[in-house]
Amino acid sequence: MGTLEESVTLAARLTTQIRSRGPIPLSDFMAACLFDPEHGFYRRQSAIGRDGAFTTAPEISQMFGEIIGAWLVKVWQDQGRPSPIALVELGPGHGTMMSDILRTVSHCPEFCRACCLFLVETSTEMRAVQQKKLSTVDPVWIEDIGELPDLPLFLVANEFFDALPIRQFRRTGIGWNEIRVGIDRTGLVLCETPCGRDIEPRGRDADTIPGDIVEIRPASLTIAAEISKTIREFGGTALIIDYGAHRSLGQTLQAVKDHRFTNPLAEPGEADISAHVDFGAIRHAAQGVSCSVLLNQGVWLELLGITERARILARNLSGESLRQHQAAHRRLTHPDEMGSLFKVMSLYPSEMSPPPGFS
Ligand code: SAH
């Protein structure tokens with residue numbers, strides 16, 4: 001028997017809300033699933049990694065963060081070694097990538113001396129994990145990129161943008177419908193309602209036909225505009241790695257629990273929920289800076305020498321650990337694994353040449 005004090009599940013709370021106010025945009029549903037103060041998925045310290053719901057590239061191999069660390073130092077050198085700079089990670093998860101980056105950049109003390117480290121993280125639980133992992137340095141945590149000081153910006157974001165809430169629209173014969181979360185007798189369901197001209201996908205009439213679904217991620221546009229403003233004024237670079245494509249076409253909302261796909265509506269707050277990143281929209285929102293070509297993660301890592309690094313690390317390994325190391329290299333780079341689904345894009349000052357790996 002439950003008690004009166006027992007907390008209401010997120011599904012029950014959303015159902016009550018929808019019953020009284022009508023269907024909600026997917027962005028509200030996603031935000032509740034991920035960030036609800038009581039039930040949000042990112043309230044769990046164990047969300048990411050082999051024991052969590054899903055694994056990310058830095059959790060697969062130290063090589064990922066090492067390559068990015070070496071890349072950051074090179075870009076910083078190419079930009080004339082500015083000092084001080086803001087070294088920033090968006091959504092650091094367990095802090096693994098930043099820990100690998102910092103170990104790598106320690107070979108360049110001048111870069112380390114220039115760095116003020118900022119971690120953009122909303123979840124207090126994730127912050128605690130990051131603090132433990134990065135206990136030898138002194139990061140500053142912020143909630144919003146707008147809180148950064150006026151400094152050259154060296155920013156990295158792996159699997160951050162995919163977690164930002166999306167809205168979904170379906171083209172009809174006469175306009176666009178918004179796909180929302182409503183309820184029926186079985187529980188939460190997707191439903192479609194006509195949407196006003198003010199929120200429908202702009203500029204997508206030319207490359208879609210009736211029936212097509214397009215996703216929009218408002219927060220990603222604000223963040224891309226903010227990043228580009230800082231790079232335009234103070235210099236620096238941003239490296240964005242995520243799964244996605246040149247443009248949004250088709251439904252990509254997905255939920256992952258215990259490393260398996262599950263129905264996103266089935267257990268709000270219990271699964272990681274995300275959607276493909278529309279890199280074209282980020283490029284469009286990043287005004288006044290150059291944007292690199294969009295590369296497949298596998299190609300980019302190969303161009304930056306992951307295979308040489310893998311060989312060096314393999315010298316000290318044998319048996320099962322060697323097998324795991326080889327599998328990790330394959331997982332990060334092979335087109336059948338993360339190599340081509342994941343994409344890499346960089347923003348940089350318009351007067352500079354493209355950063356390493358993008359030229
Ligand atoms: N980059 C990490 C973790 C990816 S999971 C890795 O590759 O392993 C997404 C991370 O972004 C989590 O730490 C989550 O708490 C954080 N996050 C998601 N949305 C955020 C937002 N709007 N602002 C700040 N942090 C956010």
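Just so we're clear, the structure is a prediction, and the values are computed from it rather than from any experiment.
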K.L.:
Shared ILVMFWY cluster between L341 and F161, side chains joined below 4.5 angstrom?
P.N.:
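They do not share one cluster, since no chain of ILVMFWY contacts under 4.5 Å joins L341 to F161.
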
K.L.:
Without hydrogens or angle criteria, can the side chains of T124 and R43 be said to hold a donor-acceptor pair below 3.5 Å?
P.N.:
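Indeed, the side chains of T124 and R43 share at least one donor-acceptor pair under 3.5 Å.
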
K.L.:
Are more than 12 heavy atoms from other residues, nucleotides or ligands located less than 6.0 Å from atom CZ of R103?
P.N.:
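Correct, the count exceeds 12.
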
K.L.:
Honestly curious: do L72 and I241 fall in one hydrophobic cluster under the side-chain, below-4.5 Å linking rule?
P.N.:
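Same cluster.
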
K.L.:
Just wondering, more than 12 heavy atoms not from H284 lying within 6.0 Å of its NE2?
P.N.:
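It does not: H284 NE2 has 12 such atoms or fewer within range.
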
K.L.:
Should we say atom NZ of K229 is surrounded by more than 12 heavy atoms from elsewhere, each under 6.0 Å from it?
P.N.:
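At most 12 heavy atoms, drawn from other residues, nucleotides or ligands, come within 6.0 Å of this atom.
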
K.L.:
Following the transitive rule for hydrophobic clusters with a side-chain heavy-atom cut-off under 4.5 Å over Ile, Leu, Val, Met, Phe, Trp and Tyr, establish whether L117 and W76 coincide in one cluster.
P.N.:
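Hydrophobic grouping puts L117 with W76.
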
K.L.:
Count I, L, V, M, F, W, Y as connected when their side-chain heavy atoms are under 4.5 Å apart, and connections chain through other members. Are V129 and V120 then in the same cluster?
P.N.:
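Per the 4.5 Å side-chain linkage, V129 and V120 are not co-clustered.
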
K.L.:
Is it the case that one hydrophobic cluster holds both V140 and L153, taking links as side-chain heavy atoms less than 4.5 Å apart, direct or via other members?
P.N.:
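In one cluster: yes.
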
K.L.:
Under 4.5 Å between any side-chain heavy atoms of H39 and P268, yes or no?
P.N.:
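Of all side-chain heavy-atom pairs linking P268 with H39, none is under 4.5 Å.
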
K.L.:
Taking the six-membered ring for Trp and the single ring otherwise, decide whether the centroids of F169 and W176 are under 6.0 Å apart.
P.N.:
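Here the rings of W176 and F169 have centres that are no less than 6.0 Å from each other.
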
K.L.:
Let me know which of D36, D272, V256, L10 forms a side chain to side chain contact (heavy atoms under 4.5 Å, CB included) with F41.
P.N.:
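Between F41 and the candidates, side chain to side chain contact (heavy atoms under 4.5 Å, CB included) is satisfied uniquely by D272.
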
K.L.:
With a sphere of 6.0 Å drawn around CG of D138, does it hold more than 12 non-hydrogen atoms of other residues, nucleotides or ligands?
P.N.:
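No - once you tally the heavy atoms of other residues, nucleotides and ligands closer than 6.0 Å, there are 12 at most.
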
K.L.:
Keeping the roles fixed (side chain from R13, backbone from V8), state whether a donor-acceptor pair exists under 3.5 Å.
P.N.:
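Not at all, since once roles are kept as given, no pair shorter than 3.5 Å links the two residues.
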
K.L.:
Atom NE2 of residue position H246 - does it have more than 12 heavy atoms of other residues, nucleotides or ligands inside 6.0 Å?
P.N.:
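Count not over threshold, so no.
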
